[in-house]
Amino acid sequence: MANSNPTLPPSSDRAAIVETLARAFADAGEELFLVGGAIRDALLGEQDLDLDFATSARPRTTVEIAERLGLGSPYRVGEKYGTIGVRIGDRVAEITTYRSKEMYEPGSRKPDVEFGTTLLQDLSRRDFTINAMARNPRDGTLLDPLGGEADLSAGILRAVGDPFERFQEDPLRLLRGVRFAARLGFTIEAETWRAIAETAGALSSVSRERIRDEYTRMLEGSRPSRALTLLRESGLLPASVPGLIPLTQMTDHGPRHPLSLWDHTLQVVDAVPPTLALRWAAVLHDIAKPATRTHEPSGRPRFFHHEEVGAGMARQILSDLRYSGDVIDAVVLLVETHMQLHSYTADWTDGAVRRLMLRLGTRTAEAIMLARADAAGHTLGEPAHNAPKFDELEARIQRNQNEEITRMRSPLTGNDLMSRYQRQPGPWIGKIKSALENAVIDGELSPDDRERAWRIADALVARDV
Ligand code: ATP
Ligand code: MG
């Protein structure tokens with residue numbers, strides 16, 4: 001057993017910790033390899049990597065070794081699945097016992113796993129060849145029995161072994177495949193692609209949470225349009241998020257829009273910064289156009305209220321994917337308001353600008369980014385002619401920001417009103433308060449001026465509001 005004194009000083013750097021870990025496992029007679037995405041990304045020259053290890057050691061042994069090395073208290077939440085987390089520098093590395101099989105019961109978020117005994121077994125149950133390489137941390141040798149390196153340099157995404165079997169075992173791999181191909185700009189190998197298209201329906205057995213997490217990663221990636229294109233071409237889009245089907249259903253988008261709804265949506269999605277709510281808002285901003293489409297006598301299509309109907313559809317789609325209330329509310333707000341930003345003109349009063357800001361709250365900057373991308377996404381890559389309009393709106397928002405927009409509330413509360421007029425709660429309170437708030441926003445009433453506020457309220461009550 002470990003004889004040298006391998007306990008680590010807390011400040012040890014990553015390489016030294018990996019080295020010590022490798023030695024401790026070897027001393028215990030166990031194998032330990034770096035595996036998975038870290039190997040792939042390092043071969044692609046990417047830095048700042050997650051560390052995943054595969055080992056012959058059973059979880060209990062891994063915990064003992066980690067504790068002996070003083071690697072903090074190991075994270076044991078994944079122990080049942082063979083995964084132990086240890087802190088290496090400022091990161092958590094996962095050390096997972098070799099698996100021979102990893103299956104997901106329909107709808108389940110956690111796999112059924114069988115422990116294996118060899119590295120080859122463990123690599124063979126992984127999803128794609130580029131994710132199925134290992135490196136010996138002691139001497140740096142690459143172990144690549146499945147040809148991952150060749151596929152990586154040829155830019156090919158290929159399932160390990162029989163793709164149909166791989167996707168049957170865990171249909172989430174269908175989405176993972178698209179995500180990796182999109183992120184890396186790889187071609188999906190023909191048999192793998194055929195299996196994806198033919199197995200797409202199996203996604204219905206995958207939990208919504210796992211599907212959600214894949215969509216999140218795809219949308220936060222650098223070219224989400226590539227992922228969306230592959231999703232559509234493979235049939236995975238209707239199989240995973242059927243609520244998105246309307247986006248594919250409107251090729252004729254009217255004379256003002258040279259692109260189909262789908263192509264327009266892809267342009268907007270790529271053009272907004274990669275934050276989750278903004279990317280989803282870009283996907284969903286026009287989702288209700290097909291449903292709200294009407295025609296003028298001239299034949300020109302109109303899409304009245306598509307932003308409101310679309311906000312409802314967005315809420316439905318994202319709730320079904322089990323996104324958090326915060327994410328859903330942010331996307332719904334951005335979808336619901338997107339036409340309001342387009343309607344901006346220089347003759348808006350400051351009150352109108354402030355009202356928009358109050359409605360958008362902390363999402364104001366994102367709403368402008370969406371509006372800019374949306375406008376640019378109608379012009380086939382030409383510089384958007386209405387960029388100056390959004391520059392101006394942004395400048396006016398900046399100016400108003402200094403005026404503490406959040407203080408712009410009615411000087412009187414509902415309780416104030418009820419006790420003065422001796423009336424029961426009811427819609428009359430909202431009417432008076434919003435009249436007062438609007439007067440504040442329009443700069444006609446100071447938020448502290450209760451005296452003047454009472455005069456306005458008295459007048460409204462006298463008119464039997
Ligand atoms: P990234 O973290 O950049 O998305 P990754 O390859 O590290 O990519 P992880 O989900 O972190 O992906 O998984 C680490 C490794 O575990 C993968 O490289 C792959 O070998 C294996 N793996 C993960 N999920 C699955 C799965 N559903 N089926 C088969 N193998 C998987
Ligand atoms: Mg990873």
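Whatever order the structure lists them in is the order used to number ligands and atoms, beginning at 1.
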Student: Could you name the option among Arg179, Arg217, Glu214 that has the heavy atom nearest to atom 4 (O) of ligand 1?
Tutor: Arg179
Student: Is at least one protein non-hydrogen atom found at under 4.0 angstrom from atom 16 (O) of ligand 1?
Tutor: yes
Student: Is the shortest distance from a Lys or Arg side-chain nitrogen in Arg210 or Asp213 to a carboxylate oxygen in the other one below 4.0 Å?
Tutor: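 Not counted as a salt bridge, because no side-chain N and carboxylate O are separated by less than 4.0 Å.
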Student: Go through ligand 1 atom by atom and flag the ones less than 4.0 Å from a non-hydrogen atom of Gly36.
Tutor: 18 (O)
Student: Between Tyr81 and Thr96, is any side-chain donor less than 3.5 angstrom from a side-chain acceptor?
Tutor: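 Distance-only check fails for Tyr81 and Thr96.
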Student: Quick one: is the NZ or CZ of Arg396 closer than 6.0 Å to the six-membered ring centre of Trp348, and within 45° of its axis?
Tutor: no
Student: Among Arg173, Arg126, Arg176, whose heavy atom sits nearest atom 13 (O) of ligand 1?
Tutor: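 Among Arg173, Arg126, Arg176, the closest heavy atom to atom 13 (O) of ligand 1 comes from Arg176.
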Student: Just checking Glu198: does its CD atom have more than 12 heavy atoms from other residues, nucleotides or ligands closer to it than 6.0 angstrom?
Tutor: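 For Glu198, atom CD is crowded (more than 12 foreign heavy atoms under 6.0 Å).
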Student: Students should be able to answer this: which protein heavy-atom is nearest to atom 11 (O) of ligand 1, and at what distance?
Tutor: Asp52 OD2, 4.3 Å
Student: May I ask whether Phe180 has any heavy atom positioned less than 4.0 angstrom from an atom of ligand 1?
Tutor: yes
Student: Can you find an N or O of Gly37 that's nearer than 3.5 Å to an N or O of ligand 1?
Tutor: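 Yes, since at least one N or O of Gly37 sits under 3.5 Å from an N or O of ligand 1.
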Student: Enumerate, atom names and distances included, each donor-acceptor pair closer than 3.5 Å involving a side-chain atom of residues 29-39, sequence neighbours excluded.
Tutor:
residue	atom	partner	partner atom	Å
Glu30	OE1	Ser56	OG	2.7
Glu30	OE1	Ala57	N	3.2
Glu31	OE1	Tyr98	OH	2.5

Student: Identify whether the distance between the nearest side-chain nitrogen and carboxylate oxygen of Glu392 and Lys389 falls below 4.0 Å.
Tutor: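 Salt bridge between Glu392 and Lys389, a charged N being under 4.0 Å from a carboxylate O: no.
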Student: Where is the nearest protein heavy atom to atom 30 (N) of ligand 1: which residue, which atom, and how far?
Tutor: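 Protein heavy atom with the smallest distance to atom 30 (N) of ligand 1: Asp127 N, 3.4 Å.
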Student: Of the choices Val35, Val206, Asp170, which has the non-hydrogen atom that lies closest to atom 27 (N) of ligand 1?
Tutor: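 Looking at heavy atoms only, the winner is Asp170.
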Student: Taking only Lys NZ, Arg NE, NH1 and NH2, and the carboxylate oxygens of Asp or Glu, determine whether Arg179 and Glu220 approach each other closer than 4.0 Å.
Tutor: no
Student: Among all protein heavy atoms in this structure, tell me which lies nearest to atom 8 (O) of ligand 1, with the distance rounded to 0.1 Å.
Tutor: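 For atom 8 (O) of ligand 1, the nearest protein heavy atom comes out as Arg40 NH2, 3.2 Å.
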Student: Can you name the residues that form a side chain to side chain donor-acceptor pair (under 3.5 Å) with Ser240, not counting sequence neighbours?
Tutor: Tyr215
Student: Which residue and atom name correspond to the protein heavy atom nearest atom 3 (O) of ligand 1, and how close is it?
Tutor: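 For this ligand atom, the closest protein heavy atom is Arg183 NH1, 3.0 Å.
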Student: So which protein heavy atom does atom 2 (O) of ligand 1 come closest to, and at what separation?
Tutor: Asp50 OD2, 4.6 Å
